[in-house]
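Okay, structure first, notes after.
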Amino acid sequence: MDYKNLAELLFPHITKTPEEYEAAFPQRDLPEGAKVTRLGPSPTGFIHLGNLYSAFVDERLAHQSGGTFYLRIEDTDDKRYVEGAVEIIINSLRFFGINFDEGATMEGDMGAYGDYTQSNRGPIYQCFAKGLVAEGKAYPCFLTADEINAIREEQEANKQTPGIYGKYAVSRNLTMEEIEAKLAEGIPYVIRLKSDGDMSLPEDQIRRVQVEDAIRGRLDFPANDQDTVILKATGIPTYHFAHVVDDHLMRTTHVVRGAEWLPSLPIHVELFEKLGWELPIYCHTAQLMKMDEETGNKRKLSKRHDPELSLDYYRNLGYHPAAVREYLLTILNSNFEEWRMANPDADIDEFQFTTEKMSTGGALFDLNKLNDISKDVLLKLSAAELFDFLKGWADEFKPELAHLFEDRKYLEKILDIGRHEAKPRKDHIYAQQMVENISYFFDDMFKMEDEFPAETAEDLPAILKAYLDSYDHADDQSGWFEKIRQITETMGYAVKPKDFKKNPDQFKGHVGHVSTAIRVALMGRQQSPDVWEIQQILGEERTRERISKFL
Ligand code: GLU
C-alpha cells in the first residue's frame with residue numbers, strides 16, 4: 001500500500017504540512033521550569049465546581065512558576081454549544097480570582113498559539129491525521145453503525161473487550177482499489193489510529209506503559225490496542241486527537257484534568273508516540289465527592305441532585321470569592337490548613353501549591369466546612385470592605401435591596417457589630433445570609449420571627465411601658481442594664497435566673513424573660529447581639545418607635 005497516495009486521496013484539500021505547523025508554533029520562550037497550563041471547558045453554559053477546582057490547579061501551577069495559563073474552548077461536540085458560554089466561563093472564573101494570560105477572550109483570541117477554539121482548527125487536525133495516514137499509522141474505516149453493533153454483540157457473546165482492534169479492525173486490510181471504490185460510492189468513513197497494541201498475546205508479552213502522573217505518581221498500564229477514532233466522518237476530531245494535537249502545538253507542559261480521563265490515557269500515550277511528540281506531564285485530579293445525607297456514603301457530586309455543583313450557586317448566594325478560594329485550597333492541598341494556622345494573615349498566594357499534596361481518592365466537598373471558613377475569611381475584612389462586597393452582590397443579584405446602601409455609616413456599623421471583641425462574633429457567612437441576619441435594622445424588612453416569652457405574656461404592655469418611660473439613649477451599657485433590673489424587680493420577676501429556678505412559684509419569670517421581651521419588640525427575634533449596642537445603632541427615634549408599637 002502506498003500510504004502517501006492514500007493520504008492524498010483522503011485529504012486532497014490539505015496542503016500544509018505538519019512541519020509548517022511545528023514551525024508556526026515554536027517552543028515557548030519561557031524561563032526554565034515555567035509551566036504552561038490550560039483549561040479546556042466545553043461551552044455548555046454550565047460552569048461547575050469541578051471546572052473551578054481544575055482551573056485553580058492550572059492557575060497556581062502556571063503563575064507560581066512564571067508560566068502561562070490559557071483558555072481553550074473545546075466545542076467539537078456542537079450539539080451542546082450554548083450561546084454566550086465563553087463569556088460565562090471567563091466571568092465566573094474571573095470572579096473567583098482566576099485570570100487567563102492567553103487564549104479565547106470575549107473580544108477574540110489573545111496569544112500566538114491559536115486558534116483557541118477547537119471548531120476553528122479543523123484543517124490543523126486534518127493535517128496531522130493526514131500525516132499519520134501517510135506514515136501508515138492511521139487509516140480510513142468504513143464500518144457502518146450496524147456492522148459495529150454486530151461486532152459488539154459478537155464480542156459480548158465471546159466475553160471479549162468491546163471495540164475495534166485486532167481481527168475486528170477489518171478496514172485495516174482494504175486495498176487501495178477497494179478504498180477508492182468506496183470513496184467513489186460516497187460511503188462515509190472515519191479515520192482510525194492503527195494501534196500497535198495486542199491484548200491477545202500472553203499476559204507477560206503484552207507491552208506495558210509507564211506514565212509519571214504529577215498527582216498520582218507512577219501509573220503502569222497495558223499499552224492501548226484499540227483502533228480509536230481520531231477523526232469522525234464529519235472531519236471533526238475526537239477529544240483524544242484534539243487533546244493531543246492542541247496540547248502539543250500550544251506547548252502545554254502540564255495537562256490538568258479529571259480522573260475520568262485516566263481510562264483513555266493509554267490512547268493518548270500511543271497518539272503522542274505515533275506523532276513523535278513528547279508527552280506533557282499529566283495531573284489527573286480527584287473526583288469531587290460529597291457525603292450523601294441519606295445514605296451516609298461518599299458519592300460523586302451530580303449536576304441533577306446537587307445545586308452546589310454549579311458556580312452560579314455561590315455567586316447567587318453571595319459567597320465571597322476569597323472564602324471559596326480559601327476553601328478550595330483546603331481540599332486541594334493537604335498541608336494548606338496547617339500552613340494557614342502558621343500564617344493566619346499571609347496572602348493566600350504565598351502558599352506554595354504542589355501537585356504532590358493533592359489527594360488521589362475523592363476530594364470531599366463539604367458546604368459546612370466552606371461556611372466555617374467563610375466566617376473566618378469575612379472576619380478579616382473591614383466593615384467598609386464588607387459593605388462594598390455586599391453592595392456589589394446586591395447590585396448584580398438583588399437590585400431591590402438598593403436602599404440598604406443609602407446610609408453607608410449605618411450599614412457599616414451594623415456589619416461591624418461584635419467583631420472587635422477578644423472573642424469576636426462570626427455572624428457573616430455569605431451575602432444572602434448576611435442580609436437575612438441584619439434585616440431587622442431596616443423597617444421595611446422587619447418581621448416578627450419569634451414570639452414573646454410566655455412568662456411575660458400578661459405583663460408585656462406594662463414591661464414595655466416601663467422600659468420606654470425609663471429609656472435614656474445616653475445611658476451607657478451598665479446604666480441601661482441597671483434599669484432592666486429595676487423593671488424586673490418591680491414587675492415581680494427574679495433578677496437572678498437561679499433564684500427563679502430554685503423558687504419558680506415566687507416569681508413570674510426572671511431577668512432573661514424580661515430582656516427577651518424587649519429584644520423581641522425591638523428586633524422581632526429572641527436571639528441577637530447585645531441589645532444596648534443595637535439600640536445605639538438603631539438610634540433613639542427608631543428604638544422608641546419599635547417599643548411603642550406594642551403598647
Ligand atoms: N473538554 C474536556 C472536558 O470538558 C476537557 C478535558 C481536558 O481538560 O483535557 O472535560
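Each ligand, and each atom within it, is numbered from 1 in the order the structure gives.
- Nearest heavy-atom pair, Gly103 versus Tyr70, reported as atom, atom and distance to 0.1 Å: N-CB, 4.2 Å.
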(Q) Could you walk me through whether Asp101 and His63 satisfy the side chain to side chain donor-acceptor pair (under 3.5 Å) test, starting with their C-alpha distance in whole Å, then the side-chain angles of each, then the deciding distance to 0.1 Å, before giving a yes or no? (A) CA-CA 9 Å; Asp101 309 305; His63 292 159; 2.8 Å; yes

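- Under 4.0 Å from any atom of ligand 1, one finds heavy atoms of residues Arg38, Gly40, Ser42, Glu74, Tyr239, Val256, Arg257, Trp261.
- Remark: the Asp75 side chain and the Gln118 side chain contain no N/O donor-acceptor pair separated by less than 3.5 Å.
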Q) Under the ring-ring contact (aromatic ring centres under 6.0 Å, His included) criterion, do Trp261 and Tyr239 qualify, and how do the steps go? A) CA-CA 10 Å; Trp261 296 109; Tyr239 166 78; 3.8 Å; yes

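- A salt bridge is defined here as a Lys NZ or Arg NE, NH1 or NH2 lying under 4.0 Å from an Asp or Glu carboxylate O, and Lys16 with Glu22 fails to meet this definition.
- Under the 4.0 Å criterion applied to side-chain N and carboxylate O atoms, Glu102 and Arg251 are not assigned as salt-bridge partners.
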